[in-house]
There are 2 protein chains.
Amino acid sequence: MKKDIQIAQEAIVEPIHKIAEKLKLSSDDWEPYGRNKAKLSDQLLTKLENKKNGKIILVTSINPTPAGEGKSTVTVGLGQAFNKLGKNAIVALREPSLGPVMGLKGGATGGGYAQVLPMEDINLHFTGDIHAITSANNALSAIIDNHIHQGNELNIDTRRVEWKRVIDMNDRSLREIVIGLGGTKQGIPREDGFAISVASEIMAILCLATNIDDLKARLAKIVIGYTYSGRPITAKHLQAEGALTLLLRDAMKPNLVQTIENTPAIIHGGPFANIAHGCNSIIATKTAAKLGDYVVTEAGFGADLGAEKYFNIKSRIGTIDTAAVVVVVTIRALKMHGGVQKGHLDTENLAGLADGMANLEKHINTIKAFQVPYIVTINQFPTDTIKETEFVQLWCEERDIDVAVTTVHADGGEGGVQLADKLIAKVEGSTKSYQPLYDLDDPLEEKMKIIAQTVYGAKDIELTKTAREQAAFFTEQGWGNLPICMAKTQYSLSDDPTLLGRPNGFTITIRELRASIGAGFIIALTGDVLTMPGLPSSPAALEMDVTSDGKAVGLF
Amino acid sequence: MKKDIQIAQEAIVEPIHKIAEKLKLSSDDWEPYGRNKAKLSDQLLTKLENKKNGKIILVTSINPTPAGEGKSTVTVGLGQAFNKLGKNAIVALREPSLGPVMGLKGGATGGGYAQVLPMEDINLHFTGDIHAITSANNALSAIIDNHIHQGNELNIDTRRVEWKRVIDMNDRSLREIVIGLGGTKQGIPREDGFAISVASEIMAILCLATNIDDLKARLAKIVIGYTYSGRPITAKHLQAEGALTLLLRDAMKPNLVQTIENTPAIIHGGPFANIAHGCNSIIATKTAAKLGDYVVTEAGFGADLGAEKYFNIKSRIGTIDTAAVVVVVTIRALKMHGGVQKGHLDTENLAGLADGMANLEKHINTIKAFQVPYIVTINQFPTDTIKETEFVQLWCEERDIDVAVTTVHADGGEGGVQLADKLIAKVEGSTKSYQPLYDLDDPLEEKMKIIAQTVYGAKDIELTKTAREQAAFFTEQGWGNLPICMAKTQYSLSDDPTLLGRPNGFTITIRELRASIGAGFIIALTGDVLTMPGLPSSPAALEMDVTSDGKAVGLF
C-alpha cells in the first residue's frame, strides 16, 4: 500500500487560482500563498452576506480508540464524493499543529485517496497562522512580565498569573519552569509553563471571532490572572489587545487549498477539543457555506466532546445551521469498545462487535437530543469481514437509522458516493435548525449537569470545593451566562479513560474551573488535562529529511 | 513630516508579478506570498550559474550612535537612485526581527521615501522565515531534552547543554530559567534560557548555506553541548539535521519585494552582528547579483563589525566579489564621536565635528585594508548646517576620498543620484576582488589579533585563562581553521562602549570563545553580549492597533 506522502506527491495539484475560479471568487477575494495555497479576504463574508447558505454537514464519531476512526479522512472523502455527484462542495477542516507532526507518525490531513494538499505544507508551517498565534500569545506574556518588572502598577499577583507561554512543539521539559532568574535586570522570578500553541486561548478566540472587531473585543477580555486582592486582570488592563490583533490580522483570513481530487478545502484554526471547543473557525465555516452548496466539516474527538461543543458553543456563537450529522464508526473501534484487545482486531468477532454498539448508540442519542438529522457511516478497513459489516448495517436498520459504507481511503470520492447520496436525500428541503441542550441563563453548575447527563449518560455531577467556589466567584464576576467547555477524556463517555463502551451509573467529578473569557466559555476540568505533549522515545522527526531538489522525506 | 507608516500606506505598490517581470523571471522562478511578496526558487541560482554577476555595493557606516546613521535608508535609497539613472538595480537587505518591533519604535525597513514595502508585513511575520528558524531551533531543543529524558544514551552533560531555546520576542524573563520541573514525567531539571530567534545559530547557518545540501551539512555540525567526558555532541549525533532542514526548506528561499519606488528588493536572513556575522544570506546576495546589474547590500553595525565579517566570513564562504563600499556618516553621529552630547546635536559645532572625524578615518583604513574601492556619503539631516557639510566634504577631498551627499529619506532615489553617479564612475570596469585580512590557517589567537589590531586599532589582545583553554580545545577538535566572529560592542572601536571617536592604545580582552560549528565560525566574546532584549517601560506594542478594515495603526 502506498504511503500518504507518496500518494500526495503523485497527485495532480491544480494551481490555486483554478480552485478560486471554481468558487467564482474575484481576484480581490483572495491572495496566493505559494502556488497551491491562498488566503481568503476577511471581507468576503460581509460581501456575500445576502447569499443563500449551503448545507453544512458535521462529521463526528464514537469515542476515539487506538484502532482509529478516520474522521478527517471521511470528511475529505465525503466532500470529494459530493463533487463526484456534481454538487459544489467544500470541506472545512482544522489546521494541524506542527508539534505532534514532529512526534508521532500520522497525518492530520486525511489519508490515502482522501487527503488535502499540499499535505507537506499544511502539516508544517502552512500559511503561518499558528506561528502568528504563538507570537500573539507570547507578546501578551512578555507584556505581563514586563509590566511586573517595570513596577507592577496593576498589582498583579505573580503567584496567580494564569496566562502561560506557548510553543508549537512537543516539549515536556517546558511544562513546569521557573522564569525571571538571574538578578534584578532579568525580571521577577515566578513559576510558569509552556503549553502547545493550539492550546492557547487565542486559538479558541480566533476560531470564535466573527470579524476583526470581534477578535479585538475578545482579546481585550482575556483574563491573564488576578491582583493580590483577587481582582481579575485582563489584556485590556495591559493595553495589549491592539498589538495582539495586529499580530493576528492575516491569521484571521481563512486558508484555501484543495483535496487530492481538486475539491476546494478551507482549512482554518484548530483549537484543542478538551480545554477548548475543537472546531475550525466560525469565519471559515460561514465563508464555506456562502461559497459551496455542501460544506463538510468536522469536530474534534467523539460526539460527546466535539459535536456537543460544535452545537452548544460554536453554532450558538456563530448562528450556524447544520443540515445533518455523520457519525463515523469503524468495525475495529467498535470491537475495542466491546472489549476486544488491540492485538485481536484483525479477527472476526461478532460478539465483541455487538458489545461495542452501545457506544455508538449513546452518541446517536446525543445527536437526537440536538434534533439534527444524522446518518451512521462505516469507514471500511481491509480487515473488516462481510459478516461484521452486515451486522452493523442490520443493527442500524432495525433501529431505523440510516447507514452507509465508505471506502474513501482506498477509493477517494468514489468510495463516499453511497454516503453522499443518502445525505442529499436526507437534507434536501430540510430547513430545521438544531436545538441547544441548555440555556445560557442556566446557572454554571446546571449547564454542566445537563451536558453530563444528556451527553455522557452520567448519573450526576459532583463539584470539588475548589470548583464550587470558582463557580460562585465566576458568577459574581458576571461570567455565569457563558457556555461550558468540558475538558474530559476523549476515550470514554465517563471521566475515566479506561471505561470503554457505554458506562452506566457514573458520576462526573468537576475538579476545577477555568475562565476563558476571551474565547467566551468556562472550562470545566474533569481530570488532568495535558496541554503540552512530550516526544516519544523515537520521534518521527528523526526520520525526516529533504532531498537536494527540495522533496520532503519521512513526513508520514 | 509624515510618519514612515503613512508614507508606506500611501505608496503605489506594484503587484509582485510586475517586479518579477522587471527581473525577467519566468513563473517557475518564483511563488507569490500575498499580492506584494514572493519567494524566489532555491534552484534559481543554479539555473543562472553561467550568467555574469552584477556589481555588488556594500553599505557600511561609522560606529553607530544614538544620533542615527540611516544605513538601511541609504541602502534602499541608493538602489532607487541607480534605477533613476536607468540601471537595473536590486537592494538586498536583512529581515527585521519581530521582537524589537514590539519593543521600541523605529523601523528596520528604511525610512521616509527610502523604504521597502509592504513595510507592515516585513516588520511583522513577513513570509515566515524567522518563525521557521524558531521552529527548527526549538525542535532541536525538544529533541535534546527528550533524548536526555528517554535515557540519555549519548551521555549528554545536562550542565553543559549550550543549545538554547529561542523566541522572536523581547522577553527578559526568559533569559535565565529552570526547565524540566514537576517530577519524573516532566523531563530532567536543568538550567536553560531563551535567546531571541535571530540570535539562533540556525539564522547564521541559513545565511551562510549555499544550497539545501550545504544547509543540511551545516545543521548536522551544530555542537549542542558536551558529554560528561567532554566530547562535543552534534545535531547529527541526535539525527536531527533532516527534520531541521525540512522545517527550513521554504525559509531558504529568498524573498522578493520592492522599494517605495518599485525597485526590486530581496530581503532574506538577518543574523545578529555580534555573536553572528550580521549580513543577509549568501543565497540572496548571489541571486541578486545574477538578476541585477547593481546590487546594494548592507552589513550590521559599523565597519569594525559588519564590514569586517562581511569580507572575512560571508564573502570568503560565498565567494562574493564586492565592487565598492559606501561608508555612511551623519553630521550628528560624527559630532557625538567628537564628544558632543545628545541634547546639543542640533547646534552647529565644527570643533566637535572635527574631533569626530577620527572615527570615520579608522573605518576608511579598514576598508582600505580589504583593498576595495570606497566612497563616503553624508546622509543629510535637516539640522545639518552648510558649514558642517562643507567641512566633511573638504576633509574628504583633502585626503583624496570620494564623498557624496545623500538626501534619500526626504527625496527618495533622487536624493541618492550624486552618490550613485560617483559609484558608477568608480566601479565600471573594475574587476579587482577583496583581500581577506587573515588566512584561515592562521591560529585562532593570531586571527583575533589581526582583527583587533588592523580593524579596531588595538595595541594588543589578551585572552582570559578560559579563552586560552577553549582556543586550545577547539584547535584540538579540528576547529582551528575556522574564521573568527568577534562579539564586541558596536558603539566603540574598542571593547568599552563609552570610548567614542578613535580610541588608542587599548587592549581587547577575549573573555570566552563559543563554537558555532554549524555556521562555521568561532565566536570571540569581548564583553557581555545580551542575546535576549527586554521591553522598555512603554513598549511600542501598547500603541499598536488594527482598524475594522484591517489597516495597521501605530506600527511606527
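Below, chains carry the letters A, B, ... as their sequence lines are ordered, and counting in each starts from 1.
- For A:S27, the part lying near chain B is the backbone, with the side chain staying farther off; criterion is any non-hydrogen pair under 4.5 Å.
- Within the 4.5 Å cutoff, no side-chain heavy atoms of A:F194 are placed close to those of A:K164.
- Both the backbone and the side chain of A:Q186 come within contact range of chain B, each with at least one heavy atom under 4.5 Å from a heavy atom of that chain.
- Looking at A:K551, only its backbone comes within 4.5 Å of chain B, counting heavy atoms on both sides.
- Both the backbone and the side chain of B:L535 come within contact range of chain A, each with at least one heavy atom under 4.5 Å from a heavy atom of that chain.
- For A:H131, the parts lying under 4.5 angstrom from a heavy atom of chain B are both the backbone and the side chain.
- Neither the backbone nor the side chain of B:I148 comes within contact range of chain A; no heavy atoms are under 4.5 Å apart.
- Contact annotation for A:D168: neither backbone nor side-chain heavy atoms come within less than 4.5 Å of a heavy atom of chain B.
- At a 4.5 Å heavy-atom cutoff, the contact between B:Q150 and chain A is made by side-chain atoms alone.
- Side chains of A:V101 and A:M544 form a contact here, defined as non-hydrogen atoms less than 4.5 Å apart.
- Within the 4.5 angstrom heavy-atom criterion, only side-chain atoms of B:R249, from C-beta onward, approach chain A.
- In this structure, the portion of B:P536 lying under 4.5 Å from any heavy atom of chain A is its backbone and not its side chain.
- Looking at A:N211, its side chain does come within 3.5 Å of a backbone N or O of A:D214 through a donor-acceptor pair.
- A:Q239 and B:E543 form no side-chain donor-acceptor contact under 3.5 Å, judged by distance and modelled atom types alone.
- Proximity to chain B is limited to the side chain of A:L98, based on heavy atoms less than 4.5 angstrom apart.
- Heavy-atom distances place both the backbone and the side chain of B:L246 under 4.5 Å from chain A.
- Contact of B:T46 with chain A is not made at all, since no heavy-atom distance falls under 4.5 Å.
- Using a 4.5 Å cut-off between heavy atoms, B:L247 contacts chain A through both its backbone and its side chain.
- Neither the backbone nor the side chain of B:R190 comes within contact range of chain A, judged by heavy atoms closer than 4.5 Å.
- Across B:M102, B:R165, B:M252, the residue that shares the most heavy-atom pairs under 4.5 angstrom with chain A is B:R165.
- Using a 4.5 Å cut-off between heavy atoms, B:T134 does not touch chain A at all.
- Heavy atoms closer than 4.5 Å to chain A are found in the side chain of B:K216, but not in its backbone.
- The structure places CG of B:N152 at 11.0 Å from CD1 of B:I144, a figure rounded to the nearest 0.5 Å.
- When heavy atoms are compared at a cutoff of 4.5 Å, A:I143 approaches chain B by way of both its backbone and its side chain.
- The existence of a salt bridge linking B:E191 and B:R159 is excluded, since no basic side-chain nitrogen approaches an acidic carboxylate oxygen closer than 4.0 Å.
- Only the side chain of B:I212 comes within less than 4.5 Å of a heavy atom of chain A; its backbone N, CA, C and O stay farther away.
- Note: A:L174 leads A:I188, A:T245, A:L174 in heavy-atom pairs under 4.5 Å with chain B.
- Most heavy-atom pairs under 4.5 Å with chain A: of the set B:P32, B:G180, B:S135, this distinction falls to B:P32.
- Contacts of A:H149 with chain B are made by side-chain atoms alone, with heavy-atom separations under 4.5 Å and no backbone atom involved.
- In this structure, chain B has a heavy atom under 4.5 Å from the side chain of A:L124, while its backbone stays farther away.
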